[in-house]
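Take a look at the structure below.
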Amino acid sequence: MARYNHQEVEKKWQKIWEENETFKTSSDYSKPKFYALVEFPYPSGEGLHVGHPRPYTALDVVARKRRMEGYNVLFPMGWDAFGLPAENYAIQTKIHPAIVTERNVNRFKEQMKSLGFSFDWSREVNTTDPNYFKWTQWIFLKLFEKGLAYKKEMPINWCPRCKIGLANEEVVDNGCERCGHPVETRVKNQWMLKITEYAERLIDDLEQVDYIERVKIQQRNWIGRSEGADVTFQIKDADQTLTVFTTRPDTLFGATYMVISPEHPVLEELQERIENLEEVRAYQEEARKKSEFERAELNQEKTGVRVEGLMAINPVNGQEITIWVSDYVLMSYGTGAIMAVPGHDQRDWEFAAKFGLPIVEVVAGGDVTKEAYTQTETGTMVNSGFLNGLDVASAKQKITAWLEEKGLGVPKVNYKLRDWVFSRQRYWGEPIPLVHCEKCGWVAVPEEELPLRLPDVENYEPTDTGESPLAKIRDWVETACPACGGPAERETDTMPQWAGSSWYFLRYVDPHNDGALAGKEHLDYWMPVDWYNGGMEHTTLHLLYSRFWHKFLYDIGVVAQPEPYLKRTSHGMILGENNEKMSKSRGNVVNPDDVVAEYGADTMRMYEMFIGDFEKSVPWSTDGVRGCKRFLDRVWKLKDSVKPGDSYSKELEAKMHQTIKKVSHDYESLKFNTAIAALMTLLNDINEVGSINQAEMKTFLILLNPVAPHITEELWEILGFGGMLNEQSWPTYDEEKTIARTIAIGVQVNGKVRGDVTVNIDDPQEVAREKVMANSNIQRALAGKTIVKEIYVPGRIYNIVVK
RNA sequence: GCCGGGGUGGCGGAAUGGCAGACGCUACGGACUUAAAAUCCGUUGGGCUAAGCGCCCGUGAGGGUUCGAGUCCCUCCCCCGGCACCA
């Protein structure tokens with residue numbers, strides 16, 4: 001008997017699939033469609049790592065199953081190929097990032113092919129391909145046209161030694177990732193996208209989609225909706241007012257002072273009135289010098305100074321209250337000013353305690369002289385004039401109505417979500433297709449001139465001033481204004497890596513279209529994506545950005561649905577054998593090529609699916625890989641004991657139906673590990689029975705095929721079952737037949753198992769009872785006791801309660 | 001601090017309120033072999049045991065509901081993830 005030669009067999013089938021275009025997506029749009037999507041990788045120089053194939057295999061399993069269920073399946077792959085590593089490599093070696101990228105793509109592709117994924121490679125996309133980023137630029141221009149792109153002074157991370165702007169992930173412990181020098185912030189005028197305009201829809205529409213709960217929760221946290229009111233406080237003897245945002249207008253009577261952010265404009269507007277201007281200015285300066293990081297630091301002692309000469313008037317009781325400046329109030333959230341309610345807010349309490357400010361209790365229940373009382377959901381209002389005696393919820397309603405009526409406040413919803421900084425001072429990204437003209441301002445590059453390509457440069461390093469290397473290519477920068485024809489300069493910032501990945505799933509449906517990002521009939525048929533799996537690390541940025549772009553494209557009529565993804569799931573990380581994150585420096589990296597060479601792609605795929613709970617992190621285990629290899633070797637051996645038969649045998653019938661049900665269900669619900677366990681159990685049962693017939697073998701091979709496609713095709717062919725396995729239909733089960741006719745159930749006495757009996761599933765209780773009472777163990781357990789009650793759950797348990 | 005998800009053998013992990021530990025790994029014992037590897041068979045939560053059946057304990061801790069709890073409820077501890085001077 002020939003031993004299973006995985007290298008030969010896997011190569012053979014990969015070649016057949018490629019030549020036959022087996023997994024090419026059909027253009028028959030009368031069929032039901034299924035669009036399965038996995039996140040396309042950044043093709044790094046490291047090559048594929050065993051973490052990559054986990055989600056790919058998972059959706060490959062689903063895609064293969066769907067094809068056998070008669071769906072037209074779109075399961076594509078591509079490359080998110082702009083990005084820092086290729087650029088940094090270019091800086092060091094002077095090799096053009098495009099060359100490095102191509103090399104890396106080829107390697108990734110080869111590795112993926114060796115794993116037998118059923119991607120339709122004819123639809124491969126690459127974000128760095130001008131035919132692709134032409135449309136990335138086009139979308140940006142549409143955003144610009146609709147006023148959703150604007151320029152704003154924003155800080156960047158700046159390493160003064162490398163003279164380079166750094167992405168947040170390149171800042172490690174407040175130092176530069178490459179040289180360790182402390183990172184400074186520099187303010188740069190940058191392109192921003194108004195994602196905040198979509199905040200409400202991004203949060204509300206989560207209700208329409210089937211995302212795993214933790215993804216929805218993270219998105220909601222990130223967007224951070226909070227409902228409250230804007231309330232206006234008059235400044236005494238001045239025209240100016242201070243508006244604050246509060247979620248607790250009910251506590252207005254407890255507002256004993258106000259705090260404004262050091263950047264608050266009123267400090268400029270009323271500077272003549274400020275008696276301690278020097279002190280205030282010094283504080284502003286100090287706050288400005290603190291890095292973002294320092295300012296965000298937790299639990300630091302509150303600092304601040306009183307703005308002398310200015311008083312505010314609490315609109316509910318006319319009381320004059322002091323105004324303070326403190327950096328715990330952020331200009332970037334709400335209005336940059338707060339009313340301080342030290343009795344019921346931890347931060348305000350700390351501030352008031354430090355500066356000896358009055359603390360008034362307005363919700364009964366705590367002791368505000370000791371700490372802020374914040375458990376106020378159920379409290380009763382006190383010291384609050386016309387709100388006294390009300391519970392918090394009704395007080396909120398009453399005061400909000402009162403404020404509105406008096407014109408002192410309006411209900412308001414605020415979001416933590418900030419606009420998207422869309423500029424990068426780098427070479428290896430999509431050029432932003434805008435031109436600046438002295439006369440006309442920012443002007444879009446005409447659509448017919450897209451794609452706006454990257455010029456060749458000699459040096460990939462950013463300039464000393466932090467401009468992108470493009471700024472030095474004067475004959476690229478200097479151009480004519482598309483509007484007036486006068487001299488103008490191109491924008492030299494490029495787009496962030498998030499740009500290309502914000503719409504790639506649309507391009508797959510019609511990847512070679514020259515006239516549109518994709519044709520309407522293709523978009524209408526394929527969109528939305530039916531199932532998108534990706535890493536949790538992309539939950540807040542990529543997922544949100546791409547939903548934002550899709551909603552925008554929906555608004556301008558490019559796509560027909562407001563949401564791009566019907567379903568979103570997420571996989572856990574694969575750790576090294578030592579339970580630590582896999583990394584070169586830890587020396588625990590497992591290379592998928594080695595696993596494929598030694599054990600085969602099928603074993604690799606199977607192990608990746610069997611390794612544990614799909615949604616959780618899990619350490620790699622070489623022993624576990626061997627276990628899967630052993631299983632496949634035993635499957636291989638089955639071919640020598642297949643007997644004729646076109647229906648399931650008596651011995652295995654129930655087991656076959658049970659397994660079809662279990663495997664079919666588990667493949668759909670991310671429980672690949674238990675699906676495989678069920679197949680292992682079935683194999684054990686087959687070996688116990690001692691033989692398998694053709695009908696059983698066919699079903700077994702089809703069920704196993706999505707996980708182990710090569711060996712199952714080979715066996716299908718060897719056994720002469722006809723056609724190719726991938727052309728077969730997914731097996732069905734009969735619910736009736738999943739239930740074994742006779743079954744051993746446990747018998748309990750007072751809830752403790754005292755034995756088991758074999759009963760027919762449809763035995764009435766009396767028959768079951770006879771069998772139970774005939775059991776000697778049960779007789780012994782019942783001896784001398786009085787039976788109080790008997791519970792019989794057919795197929796489950798027989799419990800006897802005794803005294 | 002707020003919001004999620006968890007805690008089950010030596011390990012990865014299974015269990016619609018119904019025989020906890022499926023399945024795999026590891027370890028141990030046996031068969032095959034000159035030997036080893038591979039393969040096959042058996043055992044593998046802990047303890048007690050008259051060795052016969054069997055009994056006791058056991059799903060982070062403590063209470064509760066139930067004929068019956070890993071699963072439901074309450075209190076607490078620990079781990080992982082997200083958000084966070086966000087008013």
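It should be emphasised that the depicted structure is a prediction, and the values quoted were computed from it without experimental measurement.
Counting non-hydrogen atoms under 4.0 angstrom, A:Lys216 reaches nothing in the nucleic acid. Residue A:Thr539 is classed as having no contact, given no heavy-atom separation below 4.0 Å to the nucleic acid. Backbone-only contact: A:Gly627 has heavy atoms under 4.0 Å from sugar-phosphate atoms and none from a base. A:Gln748 comes within 4.0 angstrom of a base, heavy atoms only. Here A:Asp633 lies out of heavy-atom contact (under 4.0 Å) with every strand. Using a 4.0 Å heavy-atom cutoff across all strands shown, A:Ile791 reaches at least one base atom of the nucleic acid. Contacts of A:Ala678 with the nucleic acid, taken as non-hydrogen atoms under 4.0 Å apart, are absent. The residue A:Val793 sits close to a base: some heavy atom pair falls under 4.0 Å. Residue contacts for A:Lys302: at a heavy-atom cut-off of 4.0 Å it reaches a base atom on one of the strands shown. Within 4.0 Å of A:Thr540, counting heavy atoms only, lies no atom of the nucleic acid at all. Contacts of A:Arg418 with the nucleic acid, taken as non-hydrogen atoms under 4.0 Å apart, include base atoms. Residue contacts shown for A:Arg220 are absent, as no nucleic acid heavy atom lies under 4.0 Å away. Contacts of A:Asp345 with the nucleic acid, taken as non-hydrogen atoms under 4.0 Å apart, are absent. Using a 4.0 Å heavy-atom distance criterion, A:Asn684 is classed as a sugar-phosphate-only contact.
A 6.0 Å sphere centred on NZ of A:Lys581 holds no more than 12 heavy atoms belonging to other residues, nucleotides or ligands.
Considering only side-chain N and O atoms, A:Lys671 lies under 4.0 angstrom from the phosphate OP1 or OP2 of B:A15. Distances shorter than 4.0 Å separate some side-chain N or O of A:Lys752 from OP1 or OP2 on B:C57. Residue A:Asn221 has no polar side-chain atom (N or O) positioned under 4.0 Å from OP1 or OP2 of B:C2. Remark: A:Thr674 is not in phosphate contact with B:G13, judged by side-chain N or O atoms under 4.0 Å from OP1 or OP2. Remark: A:Arg347 is not in phosphate contact with B:G1, judged by side-chain N or O atoms under 4.0 Å from OP1 or OP2. Look at A:Arg754 and you'll find a side-chain N or O under 4.0 angstrom from OP1 or OP2 of B:C55.
Relative orientation of the A:Phe355 and A:Trp324 rings is tilted, given thresholds of 30° and 60° on the angle between their planes. Relative ring orientation between A:His542 and A:His538 is described as perpendicular, the plane-to-plane angle rising above 60° on a 0-90° scale split at 30° and 60°.
Between A:Glu213 and A:Arg568 there is no salt bridge, since no side-chain N of the basic residue sits under 4.0 Å from a carboxylate O of the acidic one. A salt bridge between A:Glu207 and A:Lys216 is absent, with no side-chain N of the basic residue lying under 4.0 Å from a carboxylate O of the acidic one. A salt bridge is absent between A:Arg630 and A:Asp633: the closest approach of a Lys/Arg side-chain nitrogen to an acidic carboxylate oxygen does not fall below 4.0 angstrom. Salt bridge status for A:Arg248 with A:Asp345: absent, with no side-chain N to carboxylate O gap under 4.0 Å.
Under the 90° criterion around 0 for the glycosidic angle, B:G9 counts as syn. For B:G52, the glycosidic angle deviates from 0 by 90° or less, giving a syn base.
In this entry the distance linking CD of A:Glu688 with C1' of B:A22 reads 15 Å, nearest Å.
With the 3.5 Å cutoff on both pairing distances, Watson-Crick and G-U pairs in RNA chain B assemble into runs of at least 3 at B:1-7 with B:77-83, B:10-12 with B:23-25, B:27-31 with B:39-43, B:45-48 with B:54-57, B:60-64 with B:72-76.
Figure legend: cation-pi geometry between A:Lys629 and A:Tyr599 absent, as NZ or CZ is not positioned both under 6.0 Å from the six-membered ring centre and within 45° of its axis.
When only modelled atom types and interatomic distance are considered, A:Thr569 and A:Asn533 share a side-chain donor-acceptor pair under 3.5 Å.
Taking only distance into account, the side chain of A:Arg796 meets the base of B:U16 through a donor-acceptor pair shorter than 3.5 Å.
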